[in-house]
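Shown next, in structure tokens, is the structure this report addresses.
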Amino acid sequence: MMLIYNTLTKKKEEFIPKNSPNVTMYVCGPTIYDYFHIGNARSFVMSDIVRRYLEYKNFDVKFVMNLTDVDDKLIKKANEENVPVEQVAEKYADAFFEDIEKLGIKKATVYPKATEHMQDIVDLIKNLVDTDYAYNVDGNVFYNVNKFKGYGKLSGKNIDDLESGARIEINEEKKNPLDFSLWKKAKPNEPAWESPWGKGRPGWHIECSAMSMKHLGETIDIHAGGNDLIFPHHENEIAQSEACCTNEFVKYWIHFGFLNLNQEKMSKSLGNFFTAREILKEHSANSIRYLFSQTHYSGPLNFSKELLESSEKGLEKIYNLVQRIENIKPSMADNLNTFENERYLFAFESAMDDNFNTPQALASIYDFIRDFNKFLNKNDQVAKNDIIKAKDFLTKTLTDVLGIVLFSTEEKGESKEDDLIKLLIEIRQKAKLDKNYSLADEIRNKLSELGITLADSKEGTTYKISK
RNA sequence: GGCGGCGUGGCCAAGUGGCUAAGGCGAAGGUCUGCAAAACCUUUAUUCAUCGGUUCGAAUCCGAUCGCCGCCUCCA
């Protein structure tokens, strides 16, 4: 049984999809006006882990992530650079796909774009206007918040409190200051589409409702996104979708905590951010994913390069065991001691089942690593089956679920460089047999200066090339 | 002003009513090794922001206080 914390009910609930084993999942994707930052990456990676774990549990996940390709920021950027909006959108959509691929994020089933769903969006607004949930004021269409009785149920706010808040912009056209735009009347030099209310473009919230329902149906299982989307974005999505089409838009709402920099939310508007591609130049996707997995998805994560470096040290321990496993020659002997690894997988799954508790899941992996190393230390001969099982455990947990790649699937090309290193290892081996340790050490030291680390073990001498 | 979250060892971080408070990084000592590296072992929180309360029993529940952060405006 899996538990998921549902923002809507503020409780952990048993996960029961509408049409098991099918699961529908929608994640709010990027507005493609710039490179995304490492805080955005956290949401993308964590939703990827949620999806991967569901697939691990044999659910058939239909995963949709939208790209917002028309909005104020995009238009602003296009004007600044004096290029068409589509060109900006295309550039950053390409960059987005490049970056998420580097981060090891599995491809979504569909990446719908707002501009490709204008008819669906217009139809949805039309429906809301016809039923009085929305009203048209001179080409601007607003959602009538007072009409929807569930307004505020996701964010725990009530309309009166919100109205007394001082930060709502004054707009004479709105009946209620909280009413939000569904359709924005075209201004000069802006992309615009035909509609029953005249030329214009959609408001931000409506696209997600339209695309979610279009691709996944009127009730979906999981909708995920950052904490900052709870209000108003997700609240408004509920209002739109449930007013028109369904009495339950989303079964489970999942929200990710912020990534902070110096205890402050990382955001474009504050200017305190690193882009994901910037970080990826110096750090691997593995270390980023490991870092994210070390903290529960719902809480804040105070990001720093030092933290990333300590994650890299933690990963080293995993890599070392992986290399050790790959170098073992399995024994065919009978009566070998065997290693039971079931309990580690059980612990891993229990942690993940409990609202995707990745830090605890990692702890179960480290317990395995310690105990399996101990097992290898104690036993000179190891059965093939134990090696296969160990590899299987690491692949399932770290790679399949957390997306940390360990065993390279491509054939290891033996380059001249490798041959050369092997030659030096041979020479050094002879020196060691002659007890010529100064030569042996010199070879090791010189190689180390070149970034090639030798390590002697009972399985022979191995080497690692660092970049 | 309204609503919400957080405060656990040097750092990061699980745990949210009951065995000795997971795990990672770091540090110290040790085993192994020709020496290293790796691995393993031991040590590193009588204590969970502070003060009260409930309870047979609390880091976990309640109240107060202090500190930090977020949402209420575009934002993952």
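Just so we're on the same page: letters track the sequence lines, and every chain starts at 1.
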[atom1] spacing across the pair [N] / [M], given as an integer number of angstrom:
{"N": "B/rU50", "M": "B/rU31", "atom1": "C1'", "value": "44 Å"}
{"N": "B/rC25", "M": "B/rG57", "atom1": "P", "value": "39 Å"}
{"N": "B/rG10", "M": "B/rG53", "atom1": "P", "value": "28 Å"}
{"N": "B/rU20", "M": "B/rC32", "atom1": "P", "value": "34 Å"}
{"N": "B/rC48", "M": "B/rG7", "atom1": "P", "value": "14 Å"}
{"N": "B/rU8", "M": "B/rC71", "atom1": "C1'", "value": "26 Å"}
{"N": "B/rC12", "M": "B/rG26", "atom1": "P", "value": "15 Å"}
{"N": "B/rA64", "M": "B/rU46", "atom1": "C1'", "value": "26 Å"}

Looking at every strand, decide which applies to [X] at a 4.0 Å heavy-atom threshold: base, sugar-phosphate, or nothing.
{"X": "A/Asn158", "result": "nothing"}
{"X": "A/Leu259", "result": "base"}
{"X": "A/Phe258", "result": "base"}
{"X": "A/Phe36", "result": "nothing"}
{"X": "A/His296", "result": "sugar-phosphate"}
{"X": "A/Met266", "result": "base"}
{"X": "A/Gly39", "result": "base"}
{"X": "A/Lys265", "result": "base"}

Checklist entry - Do A/Tyr5 and A/Ser298 have side-chain heavy atoms sitting under 4.5 Å apart? => result no
Decide whether [X] and [Y] meet the rule of one side-chain donor and one side-chain acceptor closer than 3.5 Å.
{"X": "A/Thr462", "Y": "A/Asn327", "answer": "no"}
{"X": "A/Asn158", "Y": "A/Tyr151", "answer": "no"}
{"X": "A/Lys378", "Y": "A/Asn373", "answer": "no"}
{"X": "A/His255", "Y": "A/His234", "answer": "yes"}
{"X": "A/Asn302", "Y": "A/Ser304", "answer": "no"}
{"X": "A/His283", "Y": "A/Glu312", "answer": "yes"}
{"X": "A/Ser209", "Y": "A/Glu237", "answer": "no"}

Check the distance between [N]'s [atom2] and [X]'s [atom1] and give it to me in whole angstrom.
{"X": "A/Asn262", "N": "B/rG70", "atom1": "CG", "atom2": "P", "answer": "12 Å"}
{"X": "A/Glu264", "N": "B/rC69", "atom1": "CD", "atom2": "C1'", "answer": "9 Å"}
{"X": "A/His255", "N": "B/rG70", "atom1": "NE2", "atom2": "P", "answer": "18 Å"}
{"X": "A/Phe231", "N": "B/rG5", "atom1": "CZ", "atom2": "C1'", "answer": "18 Å"}
{"X": "A/Lys313", "N": "B/rA27", "atom1": "NZ", "atom2": "C1'", "answer": "13 Å"}
{"X": "A/Leu261", "N": "B/rG70", "atom1": "CG", "atom2": "P", "answer": "12 Å"}
{"X": "A/Ile230", "N": "B/rC74", "atom1": "CD1", "atom2": "P", "answer": "15 Å"}
{"X": "A/Asn227", "N": "B/rG70", "atom1": "CG", "atom2": "P", "answer": "12 Å"}

Item to check | Which residue lies more 5' along RNA chain B, comparing A/Leu301 with A/Gly257 via nearest heavy atoms | outcome: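 Nearest-nucleotide comparison on RNA chain B picks A/Leu301.
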Item to check | Pair assignment for RNA chain B - dot-bracket with | for other-strand partners, Watson-Crick or G-U under 3.5 Å | outcome: ((((((((.[[[..)..(....]]]((((((.......))))))....[[[[[..)....]]]]])))))))....
Validate the cation-pi geometry between [X] and [Y]: distance from NZ or CZ to the six-membered ring centre under 6.0 Å, angle to the ring axis within 45°.
{"X": "A/Lys268", "Y": "A/Tyr33", "answer": "yes"}
{"X": "A/Lys317", "Y": "A/Tyr366", "answer": "no"}
{"X": "A/Lys305", "Y": "A/Phe274", "answer": "yes"}

Checklist entry - What is the minimum heavy-atom distance between A/Phe273 and A/Ser267, and which atoms define it? => result CD2-O, 3.7 Å
Checklist outcome for this item: Closest heavy-atom pair, A/His233 versus A/Cys208, reported as atoms and distance to 0.1 Å, is NE2-SG, 3.5 Å
Checklist entry - Of all the nucleotides listed (B/rG15, B/rC72, B/rG24), which has the minimum atom distance to the side chain of A/Gln294? => result B/rG24
Item to check | Residue A/Lys73, side-chain atoms from C-beta onward, closest of B/rG23, B/rA14, B/rC74 | outcome: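 For A/Lys73, the side-chain atoms sit closest to B/rC74.
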Next on the checklist: Treating primed atoms plus P, OP1 and OP2 as sugar-phosphate and everything else as base, which nucleotides of nucleotides 29-45 of chain B get B, S or - for protein heavy atoms under 4.0 Å?
Outcome noted: -----BBBBSSSS----
Next on the checklist: Using a 4.0 Å heavy-atom cut-off to protein, can you give one letter per nucleotide of nucleotides 6-11 of chain B, 5' to 3': B if the base is in contact, S if only the sugar-phosphate is, - if neither?
Outcome noted: ------
Item to check | Ion pair A/Arg277/A/Asp99, N-O distance below 4.0 Å | outcome: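 The answer is yes: the pair qualifies as a salt bridge.
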